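Bear in mind that the values here come from a model prediction, so they are computed numbers and not experimental data.
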Amino acid sequence: MNRKYLKQAPYALLVALLTLLFVYPFWWMVVNSLNSSAEIFGVPRLLPTSWAFSNYLDIFTVQPFARHYLNTLAVAFVGTAGNVLLAALAGYAFARMRFPLRNAAFLLLLTALMMPIEVTIIPLFFQMRGWGALDTLVPLMLLPIFGSQGAFSTFMLRQFYVTVPNELEEAARIDGLNPLGIFLKIMLPVAVPVLSSVAILAFIAVWNTYLEPLVFISSLENFTLPLSLTNFNDTYGLPQWHLQLAATTLSILPIMVVYLLFQQKVTDAMVNTGLK
């Protein structure tokens, strides 16, 4: 037994070192969110020096951080819900329904996965300006649904639906269900694990979006968290690092909770995508 533990010791040490490597930046951020700006650039410490909990209060007075948090929550929930709903419908159509140019349409959908947002952001800007949607949260809610994230979710669900046995659909048709009934009563229930994975990945992507808010939003009250974090500056335009770190700590809490609770689903979603 001791020999077995000795053999595993190098691997355990390696895992511990890698864990420390990834955990330390997060720990440094939390520790320095409780320090003053001058103490951040001093000798690194494992615990805060001044324990300045007032930093977490100041971030709500320097700018409307609570409003920015609510904006991000609204965009994340609406964008994620629309993403999952449309992807579930489109994925089912591509996998199970026969219609003209289906394969061509699916190939066109896949091109959205290869198109970086930087390529399409200028046409999207003019489109949203034509709709009168600039400086609102509308573009940030629509892009996760109809953009590349929506295409990715549709691809994942399509790949799942093609693995569902045809006998389930045939039995449902014998029972008198129409295509909509089959989708609602058969396909959606069996796709719950994949739908959960798609929702988690979409939520994380929307929560961390920076370029789209930077382009479409100009009013301070409509900022989302990624923009808000870059806006903690003093009167000379220099960053207030202690406030930025405190705000960043609060902003990543939802992502940390979602990922820690559902990390296995996220991993399974990435591993099983495209497998049949």
Side-chain angles (χ1 to χ4, degrees), residues 63-65 67-91 94 101 104-159 197-233 237 239 244 247-248 250-252 254-255 258-259 266 269-270 273-274:
Q63 62 175 327
F65 188 73
R67 174 67 181 270
H68 300 164
Y69 218 105
L70 292 176
N71 290 343
T72 309
L73 285 172
V75 169
F77 281 114
V78 173
T80 300
N83 177 290
V84 173
L85 177 61
L86 187 64
L89 291 167
F94 280 122
L101 301 178
F106 185 66
L107 181 62
L108 185 63
L109 174 78
L110 293 181
T111 60
L113 299 177
M114 311 171 194
M115 194 74 66
I117 185 62
E118 292 80 5
V119 175
T120 59
I121 194 67
I122 295 178
L124 286 171
F125 175 84
F126 286 107
Q127 182 180 19
M128 294 302 169
R129 188 177 69 175
W131 292 353
L134 290 182
D135 200 22
T136 69
L137 299 180
V138 173
L140 308 183
M141 295 176 178
L142 291 179
L143 289 180
I145 302 174
F146 300 101
S148 58
Q149 188 64 38
F152 176 71
S153 299
T154 300
F155 171 76
M156 290 186 63
L157 283 161
R158 186 261 182 190
Q159 296 305 99
S197 301
V198 165
I200 294 165
L201 294 173
F203 182 87
I204 293 174
V206 176
W207 189 271
N208 292 325
T209 298
Y210 176 75
L211 178 62
E212 292 87 334
L214 182 64
V215 172
F216 296 120
I217 302 298
S218 56
S219 299
L220 178 62
E221 62 271 14
N222 291 330
F223 275 17
T224 56
L225 287 177
L227 290 183
S228 181
L229 296 179
T230 64
N231 201 46
F232 287 100
N233 301 315
Q244 285 193 11
T248 302
L250 290 183
S251 69
I252 67 173
I255 297 299
V258 168
Y259 190 78
V266 175
M270 300 303 296
T273 298

field: Straight-line distance of Leu107 CG to Leu109 CG, nearest 0.5 Å
entry: 9.5 Å
query: Does the Asn222 side chain pair with the main chain of Ile217, one donor and one acceptor, at a distance under 3.5 Å?
result: no
message: Within the 4.5 Å heavy-atom criterion, are Thr136 and Pro139 side-chain neighbours or not?
response: yes
- request: Mind checking the CZ-CG spacing from Phe216 to Leu142? Nearest 0.5 Å is all I need.
  value: 9.5 Å
message: The criterion is side chain to side chain donor-acceptor pair (under 3.5 Å); which residues satisfy it with Ser228, sequence neighbours excluded?
response: Gln63, His68
query: Looking only at heavy atoms, what is the nearest atom pair of Ala87 and Gly150, with distance?
result: CB-O, 4.4 Å
task: Kindly give the heavy-atom pair with the smallest separation between Thr120 and Met115, and that separation in Å.
output: CG2-CG, 3.7 Å
- prompt: Are side-chain heavy atoms of Leu134 and Phe125 found at a separation under 4.5 Å?
  reply: yes
message: When you measure from the side chain of Thr80 to the backbone of Phe77, do you find a donor-acceptor pair of N or O atoms at a distance under 3.5 Å?
response: no
statement: In terms of heavy-atom contacts, Ala205 and Gln149 come closest through CB-OE1, 3.5 Å
- request: Starting from the C-alpha separation in whole Å, work towards a yes-or-no answer on side chain to side chain contact (heavy atoms under 4.5 Å, CB included) for Trp131 and Val138.
  value: CA-CA 10 Å; Trp131 292 353; Val138 173; 6.0 Å; no
- request: Decide yes or no on side chain to side chain contact (heavy atoms under 4.5 Å, CB included) for Thr224 and Thr209, but give the supporting numbers first.
  value: CA-CA 9 Å; Thr224 56; Thr209 298; over 6 Å; no
query: Taking atom OG1 of Thr72 and atom CG of Asn208, what is their separation to the nearest 0.5 Å?
result: 10.0 Å
- request: Side-chain contact test, heavy atoms from C-beta onward, threshold under 4.5 Å: evaluate it for Val78 versus Val206 and give yes or no.
  value: no
- prompt: Where is the tightest heavy-atom contact between Ala76 and Phe203, given as atom of each residue plus distance?
  reply: CB-CE1, 3.5 Å
- request: Please name the pair of heavy atoms, one in Pro239 and one in Asn233, separated by the smallest distance, quoted to 0.1 Å.
  value: CA-OD1, 3.4 Å
task: Could you give me the CA-CA distance, side-chain angles and deciding distance for Val198 and Leu157, then say whether side chain to side chain contact (heavy atoms under 4.5 Å, CB included) is met?
output: CA-CA 8 Å; Val198 165; Leu157 283 161; 4.3 Å; yes
- request: Evaluate the side chain to side chain contact (heavy atoms under 4.5 Å, CB included) criterion for residues Asn231 and Phe65: first the C-alpha distance (whole Å), next the side-chain angles of each, then the deciding distance (0.1 Å), finally the verdict.
  value: CA-CA 10 Å; Asn231 201 46; Phe65 188 73; over 6 Å; no
message: Can you confirm whether Ile117 sits close enough to Ser148 that some side-chain heavy atom of one is under 4.5 Å from a side-chain heavy atom of the other?
response: no
field: Ile255 CD1 to Ile200 CD1 distance, which is reported to the nearest 0.5 Å
entry: 10.5 Å
- prompt: Does any N or O in the side chain of Trp207 come within less than 3.5 Å of the main-chain N or O of Ile252, such that one atom is a donor and the other an acceptor?
  reply: no
Met156 side chain reached by Leu201 side chain, heavy atoms, under 4.5 Å: yes
Test item: Asp135 side-chain N/O and Ser218 main-chain N/O as donor-acceptor pair under 3.5 Å: yes
Any donor-acceptor N/O pair, Ser153 side chain to Asn83 backbone, under 3.5 Å: no
- request: With sequence neighbours excluded, tell me which residues meet ring pair (Phe, Tyr, Trp, His ring centres under 6.0 Å) with Phe106.
  value: Phe94
Residue pair Leu124 / Leu143, side-chain heavy-atom distance below 4.5 Å: yes
message: I need the minimum non-hydrogen distance between Ala90 and Thr154, along with the two atoms involved.
response: CB-CG2, 3.7 Å
field: Nearest-0.5 Å distance, CG of residue Asn71 to CZ of residue Phe223
entry: 10.5 Å
query: Any side-chain heavy-atom pair from Pro64 and Leu220 closer than 4.5 angstrom?
result: yes
